[in-house]
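Heads up: the structure comes next, in structure tokens.
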Amino acid sequence: MADIVFRNVTKHYGATLAVDDASFIVNENEFFCFFGPPLSGKSTILRLVLGLEQPDAGEILIGGKPVNSVSPAERNVAMVFQNLALFPHMSARDNVRFPLVERKVAEAEIERRLGDVAAKLHIGHILHKPPAQLSGGERQRVAIARALVRDPAAYLMDDPISALDARLREETRVELKRIQRELGKTLIYVTHDQEEAMSVADRMAILENGRIRQIGAPAEIYDRPASAYVARMLGSPMMNILPSVRGAGGIEAADGAIRIADDKAPAEAIEIGLRPEDIKVRPWTDNETAEGGTGRPARVFEVEPLGGYTVVTLAAGQARLRALLRGQPDIRPDAMVAISCEPARVHYFGQDGGAL
Ligand code: ADP
Ligand code: MG
């Protein structure tokens, strides 16, 4: 069993509250992501798992066993280092062997484990090369092999690909996801990039100031964010969140420029959230004002054609909304358009920012 459990774990650094009453379960063989802005406590959580920091309160269990008083060396979790740093003067083989040589493991056992991990990670054919002769993906595999050669219960990565350029990041995260699927080992992964978190994680936890705000599968959190904070953290462009009031025609936002006829809308809502892809945009026709027309008038403020899709910023009353449209629709700045949104796709948030 390699599940990792936090029960009400709190950690301060002096007066700074780094991790605030965190409870979660990372299941065996899961790709679990911690996602949050800088200084939200992501690295501290990893350090607590590794045993490099002690919690002030709460309990940490690995494989069902409390580890609060277990030393890092005995916890059997391995960190794959941030920049995937490999020793440049050593071959891939010696890099992978290193943790075992350092622990004075018998030579025959080292070779057996090296063979094992090399087969799992498909790196047998590149073991003779130094890191400089490996591609980015190969270096990643070697770095993971070096962490896994100790046969840890879980391995951890702290924002491992943030230093790479955008194109390489996309390739690398696909590679990582693939490796994790093939290995079937517990991976705890930290990132501050929402797209990366969503693309790789089986499940993720979203952090704010040391507090876990929501845990779930990425698609689940995206579709049902528990709060306006979480809603804003996932999705690009970001969810449109507007102050709202209950008016004659249903829920109104942007001084009545946006109206949602939803009799089930919660009365306590003070904000509505509209995902950019849920906003439908049509050219304005006089039909819109006639009976049966459902669109609300808006003016096109700016258009960003991005190839496969187009981001349109709309002015509705005093509010600005962003809509994400497929392809390259013929929409020009300053044109009048009709906007609409399925009532079922509208998110409602209450006084404390919680979803209703
Ligand atoms: P993240 O990895 O999400 O950027 P961290 O876990 O590094 O966040 O930091 C969480 C909070 O704890 C921050 O306020 C940070 O300044 C503080 N912190 C982290 N490490 C230390 C440390 N060694 N000493 C003092 N404060 C720290
Ligand atoms: Mg960090």
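Each ligand, and each atom within it, is numbered from 1 in the order the structure gives.
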> If only atom types and distance count, is the side chain of N27 paired as donor or acceptor with the main-chain N or O of D3 below 3.5 Å?
Replying inline: no
> Is the backbone of L321 close enough, under 3.5 Å, to the side chain of N240 for a donor and an acceptor to pair up by distance?
Replying inline: no
> Can the positive tip of R146 be found less than 6.0 Å from the middle of the six-membered ring of F98, inside 45° of the ring normal?
Replying inline: no
> Does the ring of Y229 carry R211 above it, NZ/CZ under 6.0 angstrom from centre and within 45° of its axis?
Replying inline: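 No, R211 and Y229 do not form such a contact.
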>> Heavy-atom contact check, 4.0 Å cutoff: does G36 meet ligand 1?
In response: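 In this structure, G36 fails to qualify as a contact of ligand 1 - no heavy atom is under 4.0 Å.
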>> Any atom of ligand 1 sitting under 4.0 Å from a heavy atom of P37?
In response: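 True for this residue.
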>> Minimum distance, heavy atoms only, to atom 16 (O) of ligand 1: which one of L48, L39, L46, V19 is it?
In response: L39
> Which of these, E53, K42, H192, has its nearest heavy atom closest to atom 3 (O) of ligand 1?
Replying inline: K42
> Around atom CG of L52, are there more than 12 heavy atoms of other residues, nucleotides or ligands at under 6.0 Å?
Replying inline: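 Yes, CG of L52 has more than 12 neighbouring heavy atoms, counting only those of other groups under 6.0 Å.
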> Hey, is CD on Q351 packed in by over 12 heavy atoms from elsewhere, all under 6.0 Å?
Replying inline: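 Count not over threshold, so no.
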> Using a distance threshold of 2.8 Å, what protein N/O/S atoms lie below it relative to the Mg ion (ligand 2)?
Replying inline: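 Listed by chain and number, the atoms are S43 OG.
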> After noting the C-alpha distance and the side-chain angles of Y189 and F31, does the key distance pass the ring pair (Phe, Tyr, Trp, His ring centres under 6.0 Å) rule?
Replying inline: CA-CA 7 Å; Y189 187 96; F31 197 142; 5.5 Å; yes
Tell me: protein heavy atom nearest [atom], and distance?
{"atom": "atom 5 (P) of ligand 1", "result": "T44 OG1, 3.7 Å"}
{"atom": "atom 8 (O) of ligand 1", "result": "G41 N, 3.1 Å"}
{"atom": "atom 17 (C) of ligand 1", "result": "Y13 CD1, 3.8 Å"}
{"atom": "atom 7 (O) of ligand 1", "result": "S43 CB, 3.8 Å"}

Whether [Y] and [X] form a salt bridge (side-chain N of Lys/Arg under 4.0 Å from carboxylate O of Asp/Glu) is what I want to check.
{"X": "E111", "Y": "R93", "result": "yes"}
{"X": "D278", "Y": "K280", "result": "no"}
{"X": "E252", "Y": "R246", "result": "no"}
{"X": "E196", "Y": "K177", "result": "no"}

> Taking only heavy atoms of P38, which atoms of ligand 1 are found under 4.0 Å from at least one of them?
Replying inline: 4 (O)
>> I'd like to check which ligand 1 atoms, numbered from 1 as shown, lie under 4.0 Å from a non-hydrogen atom of S40.
In response: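 Heavy-atom distances to S40 below 4.0 Å select 1 (P), 3 (O), 8 (O).
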>> If we set the cut-off at 4.0 Å for heavy atoms, which region of T16 has an atom near ligand 1: side chain, backbone, both, or neither?
In response: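 T16 to ligand 1: side-chain contact only, backbone stays beyond 4.0 Å.
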